Amino acid sequence: MRARNQHGGRARRPSRLRRRAFAGALVLLAALWFGTSPVAAAGETPGACIVEKVDALEFGGQRGAEALHILEETAATHVDVGAEEKLASFEKKLEGCLEAPNPILPEVTEIIWGGIAFVVLLGLMQWKLFPAVKRGMDRRAEKIRGDLDAAETARTEALEVKAGYEAELADARAEAGRIVDAARADAERVRADLVARAEEEAAELRQRSDQDVEAAKRQALSDLHSEVSAIVIGAAESVIGQNLDHDTQMQLIESYIDDVGSRN
Amino acid sequence: MSIFALDFPAVTHLFEWPDIAFTDTYLALNKTSLIYLVAMLLTVVTFGLAARKRSLVPSGVQHVAEGGINFVEQNIVMQTIGAEGRKFMPFLTSLFFFIFFINIFEVIPFIQFPGNSRMAVPLLLALVVWVVYNYIGIRSQGLGGYLKNSLFPPGVPWALYLIVAPIELFSTFLIRPLSLAIRLWANMMAGHLLLVTFAVLSAALWGFGYVPGLLPFFMLVLLTAFEIFVSALQAFIFTILTAVYIGGSLHPEH
Amino acid sequence: MVNLLATIGILAQTEAGEFLDGLKAIGAGLGYGLAAIGPGIGIGLVVGNAVTAMARQPESAGMVRTTMFLGIAFTEALALIGFVVFILLLP
């Protein structure tokens, strides 16, 4: 609420000041334009000046050209020293009319007005205006510097965050690579395992089948052995009709089998 | 003076203006004095508005004031006195703007009179500058030291001091303020005379056809542009010479 | 009428003054012309060397320009003194 009031007051005041400044400037400009026309500046000519001086002369109860005439006559007689002096001073006055005023010499009134103007200006500038404007400029410079600093800080922070993100990204990438490598290694191992196991099984199978074959062979041989021996004994018993003692029997069988085996 | 039917006004009639108020007193007001007052008011209003309106991005009047301050600071003070010259900134800025606004009335239509083509303000400002730099010299180096440094510049053979000291005395304490005043005054007077000459010439030759009439008129236009430049340049030179003198008083040559 | 006659009479006495005025005018014109020679050459030298310096070291152009204006101001003062004499001698 208070800030808004202040703001409103500040916003209204310059326009009033500006209007006043405008009005003052217009009045002064009007004075410059119309009060001091070049016609007025043309001023007095030497002739008019001389006429004026002659008109103003008083001597011997007369005025103007008559007085000058009498004065010249009086002075020519060289009796009246006062008249001579007066004539000399009058002629000097007339010469003053012919001589232009020296342009390098300053006029007192202008010096006074210029001095007033400069002193007022210097006083206002030194105590009020310059510090105020300078303060505004400094404050702005300060604000801009602050803004720049803030922007710089924000930038550094953003850079830091970006660096963090990049590091994380690199980490993630490395992690992914590692995972892929591990998976690849696992797959390799699994494959090797599978192959080894398959080979092992194949070998086992082959071995088992070999053993089976061997066992079957051995079974077949022993079967053959007992079969043949039973047959042979039966045949022999039936042929001979007597029982051979066991040892002789076995000997015969062995020899037969050997015979068969050697024939195989 | 009348040459080829050309009615050139007498020089004094170009520069002397009749009193328009307070006639026959010491406060008689004529056009020159009015210009001085208007220039003072212009400067005060410029800086007053700039001081009141403190927007972040300067515009208009604020730009003029702040640009002027920056110009005086960067191109005048820092180049001649250095950082410690900042305390003379208000003085130098006032000088610059005061002189510039008085000069620029040379080309403002219907006024067209440089106030500085009258000796009053140039002489006054030169005297002010003379007092200021002597005061600063005496205050910062002491009376003896200031006189010694300005009259007997070091590094000169002893015998030459017989010649150098009077020359330095003459140039430091007499020629400096006079040349300051005369430089400003004569520049503005010459500029005004040139403008008047070509204005009178174009008016006089207007009846002889377009070519003779237009030639001096183009010259007048060009000279008007040139005089704007001269107005600013003379204000700049007056201010920078002031700064140089102040700087010389602050640090003696070594 | 009488006033005018008196005026003419006084003006007629200044024939010698008119001769003097003519001499003054010649002197003023010659004086300013002569006074402008030296500073003309001097300002030419100052600006020429300043341009050379700026072309050689564009980075120090600002300082050179300021010094150039100072040099011009000092040199120009002589021509201006000639101009002042011209104004003072002008009848």
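Chain letters run A, B, ... following the sequence lines, proteins first, then strands; residues in each count from 1. Nothing here was measured: the structure is a model prediction, and the numbers come from that model.
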When heavy-atom pairs shorter than 4.5 Å are enumerated against chain A, which of [options] gives the highest number?
options: B:Val128, B:Leu124, B:Leu41; result: B:Leu124
options: B:Ile69, B:Val61, B:Leu42, B:Leu125; result: B:Ile69
options: B:Thr43, B:Leu123, B:Val45; result: B:Thr43

Are any of the side-chain heavy atoms of [X] and [Y] separated by less than 4.5 Å?
X: B:Thr46; Y: A:Leu129; value: no
X: B:Leu29; Y: A:Thr109; value: no
X: B:Met119; Y: A:Leu105; value: no
X: A:Phe118; Y: B:Val121; value: no
X: B:Met40; Y: A:Ile116; value: no

Could you list the donor-acceptor pairs under 3.5 angstrom formed between side-chain atoms of residues 159-177 of chain A and any protein atom two or more places apart in sequence or on another chain?
from: A:Glu175; atom 1: OE1; to: A:Arg178; atom 2: NH1; distance (Å): 3.4
from: A:Glu175; atom 1: OE1; to: A:Arg178; atom 2: NH2; distance (Å): 2.8
from: A:Glu175; atom 1: OE2; to: A:Arg178; atom 2: NH2; distance (Å): 3.1

Top contributor to chain B interface from A:Lys134, A:Lys128, A:Gln126, A:Met125 [non-hydrogen pairs under 4.5 Å]: A:Met125
Heavy-atom donor-acceptor pair, A:Trp113 side chain to B:Leu27 backbone, under 3.5 Å: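 Flag set: sc A:Trp113 to bb B:Leu27 pair under 3.5 Å.
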Per-residue contact mode, B:Thr25 against chain A (heavy atom under 4.5 angstrom): backbone
More than 12 heavy atoms of other groups within 6.0 Å of B:Phe71 CZ: yes
B:Tyr135 OH: over 12 foreign heavy atoms closer than 6.0 Å: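 Check fails, neighbour count at 12 or below.
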Neighbours of chain A found in residues 89-102 of chain B - heavy atoms under 4.5 Å: B:Met89, B:Pro90, B:Phe91, B:Thr93, B:Ser94, B:Leu95, B:Phe98
Pairing residues for A:Arg184 by the salt bridge (charged side-chain N to carboxylate O under 4.0 Å, His left out) criterion, not counting sequence neighbours: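 So A:Arg184 forms a salt bridge (charged side-chain N to carboxylate O under 4.0 Å, His left out) with A:Asp181.
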Salt bridge (Lys or Arg N to Asp or Glu O under 4.0 Å) contacts touching residues 103-119 of chain A (sequence neighbours left out): A:Glu107-B:Arg118, A:Glu110-B:Arg118
Where A:Ile112 and B:Tyr26 come nearest, the two heavy atoms and their spacing: CD1-O, 3.4 Å
